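See below for the structure under consideration.
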Amino acid sequence: MNNKKENIPEIHWTERIYNLVRKIPKGRVTSYGALAEASGVRCTARMVGWAMNACHVVTPKVPAHRVVNSTGLLTGRHHFATPTLMQELLEAEGVQIEDHQVVDFKKRFWQPV
DNA sequence: TCACTGACCGTGG
DNA sequence: ACCACGGCCAGTG
């Protein structure tokens, strides 16, 4: 895994993504593509998904449940402890989910800075 | 070592 | 309006 790369002081692009995800306000959501664009042009939405796949070992913990795809669909729900956990977490924050999709996604959407 | 895949997105036919 | 395809990085077989 981390052999020669641990000498490199540069922050990996994955860390940037994790930091952005942590900035997502409670009760709001954002998309993979938005995070990709905010983290850098070298990064694409697919890589954000890959980064999220490993986010469960990252500390501090990353609120990955606030990240959905561009249509507001909870595409990552199967990667949580339970398939319904993502929805439950969002609903606990006041985000309404209907048929695995964020209600009023446009209003709930948070644009990363 | 090579090739494929992935929690996606935008564009073109 | 729907379907198919390319693209980017890193990890795995």
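Convention: sequence-line order gives letters A, B, ...; per-chain numbering from 1. Keep in mind that this is a model prediction, so the values were computed, not measured.
Between the P atom of dA7(B) and the OH atom of Tyr18(A) lies a distance of 14 Å, rounded to the nearest Å. Atoms NE2 (His12(A)) and C1' (dC9(C)) sit 9 Å apart, rounded to a whole Å. Atom CD in Glu37(A) sits roughly 16 Å away from atom P in dC9(C) (whole-Å rounding). When rounded to the nearest whole Å, the span between CD of Gln87(A) and C1' of dA7(B) equals 16 Å. In this structure, the CG atom of Leu85(A) is 17 Å from the P atom of dA7(B), given to the nearest Å. A straight line from CZ of Arg66(A) to P of dA7(B) spans 22 Å, rounded to a whole angstrom. Between His56(A) atom NE2 and dA7(B) atom P there is a gap of 12 Å when expressed in whole angstrom units. In this structure, the CH2 atom of Trp50(A) is 13 Å from the C1' atom of dC8(C), given to the nearest Å.
Looking at Arg77(A), its side chain does come within 3.5 Å of a backbone N or O of Leu74(A) through a donor-acceptor pair.
Heavy atoms of Ala36(A) sit nowhere under 4.0 angstrom from any nucleic acid atom. Counting non-hydrogen atoms under 4.0 angstrom, Arg42(A) reaches the backbone sugars and phosphates but no base. Residue contacts for Asn69(A): at a heavy-atom cut-off of 4.0 Å it reaches the sugar-phosphate backbone alone, with no base atom in range.
Using bins of under 30°, 30° to 60° and over 60° for the plane-to-plane angle, the ring pair Trp50(A)/Trp13(A) lands in the tilted bin.
Counting heavy atoms from C-beta outward, Met52(A) and His79(A) have side chains that stay 4.5 Å or more apart.
Tested against Phe109(A) for a side chain to side chain contact (heavy atoms under 4.5 Å, CB included), the candidates Lys106(A), Gln111(A), Lys107(A) yield a single pass: Gln111(A).
Side chain of Trp13(A), nearest nucleotide from dA7(B), dC8(B), dC9(C): dC9(C). For Thr44(A), taking side-chain heavy atoms from C-beta onward, the closest of the listed nucleotides dA7(B), dC8(C), dA10(C) is dC8(C).
In this structure, CD1 in Ile17(A) is found 8.5 Å from CE in Met47(A), a value given to the nearest 0.5 Å.
Nearest-nucleotide assignment on DNA chain C puts the 5′-proximal partner with Arg46(A), out of Thr14(A) and Arg46(A).
Remark: the separation of the P atoms in dC4(B) and dC5(C) is 15 Å, to the nearest Å.
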